[in-house]
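Have a look at the structure below, then the notes.
Just so it is clear, the model here is predicted, and its values are computed rather than measured.
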Amino acid sequence: MIKNVLFDLGGVLVDLDVRRTLDAFHSLVELHDASAPITAQGLLGGHDSELIDRYQTGDISTPDFIRTILSVCLPGTTEQQVRDAWFAMLLGIPEVNKQLLRDIHAAGYSIYVLSNINEMHVEWVHQCCPELRPAKRLFFSNEMHLSKPDPRCYLQVISEAGILPAETVYVDDLLPNIEEGRRHGFLTLHATDTSWRNELRNLLHL
């Protein structure tokens with residue numbers, strides 16, 4: 001019997017356009033070489049950007065993250081420009097997902113979030129995503145000091161949320177995360193296109 005839904009944020013509940021952030025950074029500095037601190041794959045959840053990886057596990061602070069970016073930017077680039085570029089990828093929760101969250105909550109299911117994220121984006125979530133307030137717990141990588149698909153992420157969620165994986169649908173857009181969730185016994189939905197919403201509604205009988 002399904003009792004819980006565990007959501008990823010970016011690319012699932014929150015629409016992202018990482019090209020907007022890359023374009024914004026490219027206007028501040030050339031970031032095409034292999035040593036660039038910001039990369040497209042890094043923004044998409046890959047692990048080819050040490051800076052992004054360390055920021056999303058809370059191993060470096062926001063001021064240090066911004067300072068690192070500024071160190072390769074054109075003279076005169078401001079901290080606010082870096083912040084604006086970093087936030088440019090976030091498009092918000094679309095209405096179809098807002099309604100889905102309302103329906104899940106109204107039907108009595110418990111909502112949880114497990115997200116690879118960073119301090120600045122966490123601040124944005126708290127300010128701009130009131131639809132997540134019914135969630136029983138938000139697990140953020142920068143606060144856990146762990147990022148998916150590290151098995152310890154899933155073990156921490158299971159332990160601290162007190163949920164059974166077999167009673168929990170886990171929705172994520174990245175296959176390595178889905179595969180790790182499945183290894184821990186979660187029911188999984190790989191959100192590769194928009195069909196995941198209907199699949200989830202069918203599973204929950206909404």
Side-chain angles (χ1 to χ4, degrees), residues 4-19 21-22 25 31 34-69 82-83 85-91 93 111-126 128-129 132 135-161 163 165 168-192 196:
N4 319 293
V5 184
L6 176 64
F7 285 106
D8 178 34
L9 276 184
V12 177
L13 289 181
V14 174
D15 281 351
L16 299 178
D17 185 349
V18 298
R19 178 54 54 185
T21 285
L22 285 172
F25 279 127
L31 294 175
S35 63
I38 300 293
T39 66
Q41 183 60 26
L43 290 172
L44 288 168
H47 295 275
D48 68 344
S49 173
E50 181 183 358
L51 178 65
I52 294 176
D53 284 350
R54 293 185 66 208
Y55 189 38
Q56 75 176 10
T57 54
D59 293 329
I60 60 173
S61 67
T62 294
D64 285 342
F65 176 78
I66 292 174
R67 264 194 301 272
T68 301
I69 301 298
V82 172
R83 287 180 174 273
W86 190 241
F87 285 116
M89 72 181 85
L90 302 173
L91 304 183
I93 300 179
I111 297 169
Y112 299 89
V113 166
L114 174 61
S115 176
N116 285 354
I117 198 169
N118 56 83
E119 186 178 44
M120 278 194 281
H121 286 177
V122 166
E123 292 171 3
W124 176 89
V125 167
H126 288 313
C128 302
C129 301
L132 294 177
K136 286 199 168 182
R137 182 75 185 270
L138 306 176
F139 291 91
F140 293 141
S141 62
N142 66 304
E143 297 170 357
M144 301 168 75
H145 299 286
L146 297 167
S147 62
K148 299 176 293 184
D150 189 318
R152 293 173 294 175
C153 286
Y154 303 88
L155 292 173
Q156 186 169 331
V157 169
I158 293 166
S159 174
E160 294 188 9
I163 58 176
T168 306
V169 182
Y170 169 45
V171 188
D172 203 300
D173 63 325
L174 296 183
L175 183 57
N177 299 343
I178 284 292
E179 290 174 339
E180 190 59 42
R182 192 175 295 134
R183 277 191 282 273
H184 286 277
F186 288 96
L187 306 172
T188 58
L189 278 180
H190 188 195
T192 57
W196 70 266

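Under the 4.5 Å side-chain criterion, counting only non-hydrogen atoms from C-beta, Met144 is in contact with Cys153. By the 4.5 Å heavy-atom criterion applied to side chains, Asp17 and Asp15 are not counted as neighbours. Proximity of Phe65 to Asn118: side-chain heavy atoms (C-beta onward) are nowhere separated by under 4.5 Å.
Pro165 and Ile158 get closest at one heavy-atom pair: CG-CD1, 3.5 Å. Contact between Trp196 and Val171 at its shortest, heavy atoms only, is CE3-CG1, 3.8 Å. The minimum heavy-atom distance linking Lys148 with Leu114 is given by the pair NZ-O, 2.9 Å. Closest non-hydrogen pair, Cys129 versus Trp124, comes out as SG-CZ3, 3.5 Å. Taking all atoms of both residues into account, the shortest heavy-atom contact from Gly10 to Asp8 is O-OD2, 3.1 Å. Taking every heavy atom of both residues into account, Gln56 and Ser147 meet most closely at NE2-CB, 3.7 Å.
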Practice prompt. Take Ile163 and Tyr112, measure what side chain to side chain contact (heavy atoms under 4.5 Å, CB included) needs, and give me the verdict at the end.
Written response: CA-CA 10 Å; Ile163 58 176; Tyr112 299 89; 3.7 Å; yes
Item to complete: For the pair Ile69 and Trp86, evaluate side chain to side chain contact (heavy atoms under 4.5 Å, CB included) and give the outcome as yes or no after the intermediate values.
Response: CA-CA 10 Å; Ile69 301 298; Trp86 190 241; over 6 Å; no
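For Ser141, there are no side-chain hydrogen bond (donor to acceptor under 3.5 Å, both in side chains) partners, not counting sequence neighbours. In terms of the side-chain hydrogen bond (donor to acceptor under 3.5 Å, both in side chains) criterion, residue partners of Asn4 (sequence neighbours excluded) are, by chain and number, Thr168. The salt bridge (charged side-chain N to carboxylate O under 4.0 Å, His left out) search around Arg152 returns Asp150, not counting sequence neighbours. Qualifying salt bridge (charged side-chain N to carboxylate O under 4.0 Å, His left out) partners for Asp59, counting only residues two or more places apart in sequence or in other chains: none. Contacts of Tyr154 classified as ring pair (Phe, Tyr, Trp, His ring centres under 6.0 Å), with partners at least two apart in sequence or in another chain: Tyr170, His184. Shown here are the salt bridge (charged side-chain N to carboxylate O under 4.0 Å, His left out) partners of Glu119, two or more places apart in sequence or in another chain: there are none. With sequence neighbours left out, the side-chain hydrogen bond (donor to acceptor under 3.5 Å, both in side chains) criterion links Asn177 to Asp172. Partners of Leu187 according to the side-chain contact (heavy atoms from CB on, under 4.5 Å) rule, which considers only residues two or more places apart in sequence or in another chain, are Ile2, Val169. Glu160 is linked by a salt bridge (charged side-chain N to carboxylate O under 4.0 Å, His left out) to Arg137, counting only residues two or more places apart in sequence or in another chain. Remark: His190 pairs with no residue by the ring pair (Phe, Tyr, Trp, His ring centres under 6.0 Å) rule, at least two apart or across chains.
Separating the CG atom in Asn142 from the OG atom in Ser61 is a distance of 12.0 Å, to the nearest 0.5 Å. Rounding to the nearest 0.5 Å places SG of Cys128 at 12.0 Å from CG of Leu91. Taking CD from Glu143 and CD1 from Ile117, the interatomic distance works out to 9.0 Å, rounded to the nearest 0.5 Å. Distance check, rounded to the nearest 0.5 Å: CG of Leu13 to CD1 of Ile111 gives 8.5 Å. Here CD1 of Ile93 is found 7.0 Å from CG of Leu9. Values are rounded to the nearest 0.5 Å. For the atom pair OG1 (Thr57) and CG (Asn116), the distance works out to 9.0 Å, reported to the nearest 0.5 Å.
The existence of a salt bridge linking Arg183 and Glu180 is confirmed by a sub-4.0 Å separation between a basic side-chain nitrogen and an acidic carboxylate oxygen.
Note on ring orientation: taking the six-membered ring where Trp is involved, the planes of Phe87 and His121 are tilted (angle from 30° to 60°).
A donor-acceptor contact shorter than 3.5 Å links the side chain of Thr21 to the backbone of Ala85. Proximity of a side-chain donor or acceptor of Tyr55 to a complementary backbone N or O of Met120 within less than 3.5 Å is detected.
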